[in-house]
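Working notes, structure below.
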There are 2 protein chains.
Amino acid sequence: MNASPPRSLRQVPGRPSPTLEDLALAAGVSRSTASRAINGGDRVSPEAQAAVDRAVVSLGYIPNRAARSLVTRRTSSIALVIPEPDVRVMMDPFFAVVITGITEALRETDVQLVLLMSRTDDDSARTLRYLRGGHVDGAIVVSHHKADSWARSLSETGLPTIFIGRPWDTAFDVTYVDTDNEGGGRIAARHLSGIGRRRLATVAGPADMTAAVDRLRGWQAGLREAGLPEGPVVHADFTTDGAAAAARRLLAEHPDIDGIFAASDLMALGVMEAIQAAGRSVPGDIALMGYDNHAVAETAATPLTTITQPMVEMAVKAGTMLLEEIEAPGSHPEPVIYSTELVERASTSVAPTASAAKA
Amino acid sequence: MNASPPRSLRQVPGRPSPTLEDLALAAGVSRSTASRAINGGDRVSPEAQAAVDRAVVSLGYIPNRAARSLVTRRTSSIALVIPEPDVRVMMDPFFAVVITGITEALRETDVQLVLLMSRTDDDSARTLRYLRGGHVDGAIVVSHHKADSWARSLSETGLPTIFIGRPWDTAFDVTYVDTDNEGGGRIAARHLSGIGRRRLATVAGPADMTAAVDRLRGWQAGLREAGLPEGPVVHADFTTDGAAAAARRLLAEHPDIDGIFAASDLMALGVMEAIQAAGRSVPGDIALMGYDNHAVAETAATPLTTITQPMVEMAVKAGTMLLEEIEAPGSHPEPVIYSTELVERASTSVAPTASAAKA
DNA sequence: GGACAGCGTGAGAGCGCTCCCACCGCTCCT
DNA sequence: AGGAGCGGTGGGAGCGCTCTCACGCTGTCC
């Protein structure tokens, strides 16, 4: 066994860049003073500071991160860990949104974002080694499944970590940001009952994902609050096809349903397919809701009423929280939960299917 | 002016990890031998190698990247540069696909992917500084617009760089991978003429993006080859709304059109909107094609015939090409162009609008 | 007027690693 | 028999930076 993977990168030629020593020489000060001037200038005379600043510009000096990192024991980089065995999920815009948000949080910082994707268990082991190796100052983990043990593994290492989406196991005092999935589910129940639907069912997500479980819980609570029975629940895997199959079962067993809440827009598309295949219409016969406010919700044949969540803000928050925890280790910030909102579209309009209404 | 941005990360406590010295001690060899054993073991006796390997495991030794990087002048990381002023574009699945592909290429390597997004010119300057600073061994740039000068800037630094998508200015011998946009445009022309449409028009992308220009050129060449006139061309900005507006103009000026090629699926959606608003049908009155095989092409009210391109492979190729160029600097690999394929759906079927046909 | 802050400064050590070079012991050639 | 060659090894230097420490210099207080 080898501590270092087999392949690495060769030396890059590149003209020698100026060192701190060169800079100090050019500025007519010592290396120490130059260093202080570079790093926020505490205890540096205005003259020295100015001289160094000038030298920085004229030499095009850029501090060597490796040298700095070697002595400070910090890397000025954080990791985004995406432990997702399924490639398909990465195609989700969610992914891009998270990255955009974190980048935004890092903008005024010289902290770099390092991407760590692990599809296989093998990858996970490597990723974990990398994280423990002190190569990053902190990590943001997008972990969704019950099975994965990132919460435990990382809390053991003591590496500052923020989860996006409540991890399954919150026993290891992990910090996380999330959207109010339970509230979103409740909004769905309230909306469908509010437009007069009475025989409601849901196509929920996988029972091993916190988001799915929370949405379902909220949905059922909302139904109870509206004085309605909890109604049938079928689970699917957050894919269109999986939801279509689940919805077929649902419709066969409960032909009198007049409203369905699918726990994601992609699933709602599958449900819509099944409804039409059964010769029923949306929203005429069955009102349909999705979740996420995904692009497809708007472009669907019958645009979907759905739940929107402030994903970018959430990702930004994850980034800033991580920076804070890195600067003040030991502070265990409280989880932050963002509220969700209803987006009404044709799939729950009281009027008959109104696909031409837009124009 | 300051060479280093104001904010950085504090020191992480963390137990001291074993150094190479510790490892050597545990293995009963010198630091030099331990180093050699770690790095591919050239000129190391089997016994020494085994002893070091054992020590690595028992100590949980992980080499300090900073120290290594300091002396080797290589960082074992590459940058993915996304110079996109528009947030919206990042929401595109394209983005996730590129990252997935590059990650795949890096899998068996210990090279890390660092993400560099620059929205503003200010960001760009910082990003460029970072790249010149020798913080990464190479870069992959996803640059699309005529205006941006990444090709020039980077070719000047000598940093190994691969572009995804042909950069506008190929004068600075840049290496790139791309899909055959011209071929894709030609396929579109051939397909629409093949199903008997004769009065064809296109909603092209912005004239300052190579992909848009190439698709248009291919389209027009295809029309000529089919013995048809080049027909009207309107430009839009690759957005749904922009395309809708362009299509309205197009339809007003050329009411007899019976086929439209939109240079992206998102734009095709806008075109479809405009067609329906004009009281015409797809594909009955007007056959419509998109490009990209985006998720929405399948979920659209009338599923879109479109052009698919092997994006993941392309991104993987970009990754492997970069690794090669880093290992063998000076080699200027030829650009690689991936071919595209037609995906037929309802929007160009000869039968009348078949939205219910799917079930 | 001497002691004592406090500020600005520079010298020096050393972070963990790789790489050059010198060295050892051996075989193989002349 | 003496050297050349070679595989394996260890010592040492030094990558570019930060940080501790000691030093001079000014001012301020007793």
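This structure is a prediction, so every number in the text was calculated from the model and none was measured. Order of the sequence lines fixes the chain letters, A, B, ..., with proteins taken first and strands second; residue numbering starts at 1 for each chain.
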Can a side-chain donor-acceptor contact be found between [Y] and [X] if the only test is distance below 3.5 angstrom?
X: A:Thr127; Y: A:Ser124; answer: no
X: B:Arg68; Y: B:Asn39; answer: yes
X: B:Ser35; Y: B:Ser32; answer: no

Polar atoms only, N or O, under 3.5 Å: list the protein pairs with nucleotides 12-14 of chain C and their distances.
unit_1: C:dG12; atom_1: N7; unit_2: A:Arg31; atom_2: NH2; d: 3.3
unit_1: C:dG12; atom_1: O6; unit_2: A:Arg31; atom_2: NH2; d: 3.0
unit_1: C:dA13; atom_1: N6; unit_2: A:Arg31; atom_2: NH2; d: 3.0

Is any side-chain N or O of [X] closer than 4.0 Å to OP1 or OP2 of [N]?
X: A:Arg43; N: C:dC7; value: yes
X: A:Ser45; N: C:dT9; value: yes
X: B:Tyr61; N: C:dC17; value: yes
X: B:Ser35; N: C:dC17; value: no
X: A:Asn64; N: D:dC15; value: no

Take the protein atom [atom1] of [X] and the nucleotide atom [atom2] of [N], then report the distance between them rounded to whole Å.
X: A:His135; N: C:dG16; atom1: NE2; atom2: C1'; answer: 13 Å
X: B:Leu20; N: D:dT9; atom1: CG; atom2: P; answer: 15 Å
X: B:Leu25; N: C:dG16; atom1: CG; atom2: P; answer: 15 Å
X: A:Arg73; N: C:dC17; atom1: CZ; atom2: C1'; answer: 12 Å
X: B:Ile38; N: C:dT18; atom1: CD1; atom2: P; answer: 8 Å
X: B:Leu23; N: D:dG10; atom1: CG; atom2: P; answer: 13 Å
X: B:Gln49; N: D:dG8; atom1: CD; atom2: C1'; answer: 13 Å

- request: Quantify the bending of the helix from C:dG1-D:dC30 to C:dT30-D:dA1 as the angle between its end axes, each fitted on five pairs, to 10°.
  value: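 About 50°, once rounded to a multiple of 10°.
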
Comparing B:Glu21 and A:Gly28 on DNA chain C - which has the more 5′ nearest nucleotide: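 Nearest-nucleotide comparison on DNA chain C picks A:Gly28.
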
- request: Determine the contact category for B:Ala66: base if any of its heavy atoms lies under 4.0 Å from a base atom, sugar-phosphate if only primed atoms, P, OP1 or OP2 are that close, otherwise nothing.
  value: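 The residue B:Ala66 makes no contact with any strand.
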
Side-chain heavy-atom pair [X], [Y] within 4.5 angstrom cut-off:
X: A:Val114; Y: A:Tyr130; answer: yes
X: A:Leu322; Y: A:Pro160; answer: yes
X: A:Val142; Y: A:Phe95; answer: no

task: Pick out which of A:Ile82, A:Leu131, A:Val141 makes a side-chain contact (heavy atoms from CB on, under 4.5 Å) with A:Leu116.
output: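 For A:Leu116, the side-chain contact (heavy atoms from CB on, under 4.5 Å) check succeeds only for A:Leu131.
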
Roughly how far, to the nearest 0.5 Å, is the [atom2] atom of [Y] from the [atom1] atom of [X]?
X: A:Glu324; Y: A:Thr175; atom1: CD; atom2: OG1; answer: 11.0 Å
X: B:Ser69; Y: A:Asn64; atom1: OG; atom2: CG; answer: 7.0 Å
X: B:Glu21; Y: B:Leu25; atom1: CD; atom2: CG; answer: 8.0 Å
X: A:Gln112; Y: B:His135; atom1: CD; atom2: NE2; answer: 8.0 Å
X: B:Asp137; Y: B:Glu325; atom1: CG; atom2: CD; answer: 12.5 Å

query: Side chain of B:Pro63: nearest nucleotide among D:dT18, C:dC17, C:dG10?
result: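 Between D:dT18, C:dC17, C:dG10, the one nearest the side chain of B:Pro63 would be C:dC17.
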
field: Closest heavy-atom pair and its distance - A:Ala139, A:Leu159
entry: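 Nearest pair, atom of A:Ala139 first, then A:Leu159: CB-CD2, 4.1 Å.
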
- request: Map B:Ser30 and B:Leu70 onto DNA chain D by nearest heavy atom, then report which one ends up closer to the 5' terminus.
  value: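 Of the two residues, B:Ser30 wins.
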
message: Using heavy-atom distances to pick each residue's nearest nucleotide on DNA chain D, tell me which of B:Glu47 and B:Ala67 is more 5'.
response: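 First, find each residue's nearest nucleotide; the 5'-ward one identifies B:Glu47.
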
field: Base C:dG10 to side chain A:Arg36, donor-acceptor N/O within 3.5 Å cut-off
entry: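 It does, because a donor-acceptor pair links the side chain of A:Arg36 to the base of C:dG10 below 3.5 Å.
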
Write out a two-atom table: protein N or O, nucleotide N or O from nucleotides 25-27 of chain C, distance below 3.5 Å.
none

